[in-house]
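Data block below; observations after.
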2 protein chains.
Amino acid sequence: MNHSAAKPRRGRPPKSPRADQDTRAELIRSGTEVLTEQGFAASGIDSILKRVGVPKGSFYYYFSSKEVFGRAIMEHYGAYFANKLDRHLLNARLSPLHRIDAFVADAKEGMARHDFRRGCLVGNLGQEVVGLPEGYRQWLRDTLDDWQQRLARCLEEAQAAGELSRDADCGRLAEAFWIGWEGAVMRARLERSVHPMEVFIRCYLDGLPR
Amino acid sequence: MNHSAAKPRRGRPPKSPRADQDTRAELIRSGTEVLTEQGFAASGIDSILKRVGVPKGSFYYYFSSKEVFGRAIMEHYGAYFANKLDRHLLNARLSPLHRIDAFVADAKEGMARHDFRRGCLVGNLGQEVVGLPEGYRQWLRDTLDDWQQRLARCLEEAQAAGELSRDADCGRLAEAFWIGWEGAVMRARLERSVHPMEVFIRCYLDGLPR
DNA sequence: CCTTTTTATAGACGGATGGTCTATATTGCG
DNA sequence: CGCAATATAGACCATCCGTCTATAAAAAGG
């Protein structure tokens, strides 16, 4: 991960100066880390590059602009998160409502592991949506809509399993979950504690119609 | 509010050149508008000054730094919001739970009035808390704690009025409200609609133990 | 009424940072 | 060897925070 270049030279570098060849993927990973911490506007290209030892001049070889770079990060994050969501919400070894608990536990662990510095990319960008490039907003809406549908299906399974009232509107309940969840993640960063996430999920589950 | 100076002149201005004498207060008001839109880091002093026609040189006569300015804005916002909260939550003409509805209706109206460009200052700053000056974080926590207590008292009144179960933990319920509420405000900005706020409050009130 | 002090503004300036672009050096291939 | 593709260095320009000097009007004082 650490590339201490001996001395800066122009031109294409010698055969194998960097351990990992896939610079583009490294930039996306590094960018994801920085953007989940600081959001889009506050994240400088420089700091993202420095983390992986890529010089500034190289950036526009891999991405035509910061905006395009951001989109690549969003896609990467979307795939990562959808995968995590499925891993829990489709886990047949747990009852539907317990799958939600498992997702929450996973998220709590992730927050603590990064010392509450990183939040949810969707939440971060959502807060600064006014100043974001055109198109980002639609991606954020689509992503939340996707998450909502995955959760709604899990709630429907809960209905089938008798964990949830047949009268419940699963779509609306799933919508409410993500609305509040983003608030809980934000608050957890503020408090530097998983407590807000616990309070939210307890209130949410306790309030579900049985 | 609009000060179109005929021509810029140096020196102390004549007796009443600007409609409002209190330049400092105007700066805080303008700053509040900008910060509720864009957050702290993304808000440039210049753009705040331009809105009220105050030249840059004057800024540091009133505030010693951007950080101090931000603190003044937070205090202003805190007073404004606490006042709004009391106006609704202590309104004896409504039942306790209906007071919460009234607050929500007020907030919805405010969001729509500003075309969903402005959010909650606490939510905005909370999201970028990692990069904020020292001390801001504590203010945000204290402020949310204050709001929580005001709401908890209202919920206790609801218990007394028979609108809420005697077994309910009002402190915890109030905590959960603000956790989710900040998420709802954020989402409303993203969707440019009050719908998320409606979904959240309905889910919250429906889930309260009766 | 004249002088001095205080108040408040005008706007340039510097250092830092951030996004973007151009020139360039090296590699790999034919 | 020659040429296109690759990856880099560093310049460039805009912006932003914060500072500084100059200046003009009001307020104070005699």
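This one's a predicted model, so the numbers in the text were calculated from it and none came from an experiment. Convention: sequence-line order gives letters A, B, ...; per-chain numbering from 1.
Taking each heavy atom of Pro133(B) and Glu67(B) in turn, the nearest pair found is CB-CD, 3.5 Å.
Note that CD1 of Ile28(B) and CZ of Phe69(B) are 6.5 Å apart. Values are rounded to the nearest 0.5 Å.
Between the OH atom of Tyr61(A) and the P atom of dT26(C) there is a distance of 17 Å, given to the nearest Å. Atom P of nucleotide dA7(D) and atom CG of Asp22(A) are separated by 11 Å, given to the nearest angstrom. The nearest whole Å value for the distance from the CZ atom in Arg24(B) to the P atom in dT9(C) is 13 Å. Rounded to an integer number of Å, the gap from Leu27(B) CG to dA8(C) P is 13 Å. If you take CD of Gln38(B) and C1' of dC16(D), they are 13 Å apart, rounded to a whole angstrom. Put simply, CG on Leu49(A) is 15 Å from P on dA7(D), counting in whole angstrom units.
Listed nucleotides dT9(C), dA7(D), dA9(D) differ in distance to Pro55(A); the shortest reach to its side chain belongs to dA9(D).
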Are there any protein N/O atoms within less than 3.5 Å of an N/O atom in nucleotides 19-22 of chain C, and if so, which ones and at what distance?
residue	atom	partner	partner atom	Å
dG19(C)	OP1	Ser43(A)	O	3.3
dG19(C)	OP1	Lys66(A)	NZ	2.8
dG19(C)	OP2	Ile45(A)	N	2.6
dG19(C)	N7	Lys56(A)	NZ	2.8
dG19(C)	O6	Lys56(A)	NZ	3.2
dT20(C)	OP2	Tyr60(A)	OH	2.1
dT20(C)	OP2	Lys66(A)	N	3.0
dT20(C)	O5'	Tyr60(A)	OH	3.1

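OP1 or OP2 of dT9(C) lies within a sub-4.0 Å distance of a side-chain N or O belonging to Thr23(B). Applying the 4.0 Å criterion to OP1 and OP2 of dT9(C), one finds that Tyr62(B) has a side-chain N or O inside that range. For dA7(D), neither phosphate oxygen OP1 nor OP2 lies less than 4.0 angstrom from any side-chain nitrogen or oxygen of Ser58(A).
Under a cutoff of 6.0 Å and an axis angle of 45°, Lys66(B) and Phe40(B) form a cation-pi pair.
Between the side chain of Ser58(A) and the backbone N or O of Val54(A), no donor-acceptor pair lies under 3.5 Å.
Each salt bridge (Lys or Arg N to Asp or Glu O under 4.0 Å) pair with one or both residues in residues 172-183 of chain A, not counting sequence neighbours, appears once here: Asp169(A)-Arg172(A). For the salt bridge (Lys or Arg N to Asp or Glu O under 4.0 Å) condition, the pairs that include at least one residue of residues 84-94 of chain A, sequence neighbours left out, are Lys84(A)-Asp106(A), Asp86(A)-Arg150(A), Arg87(A)-Asp106(A).
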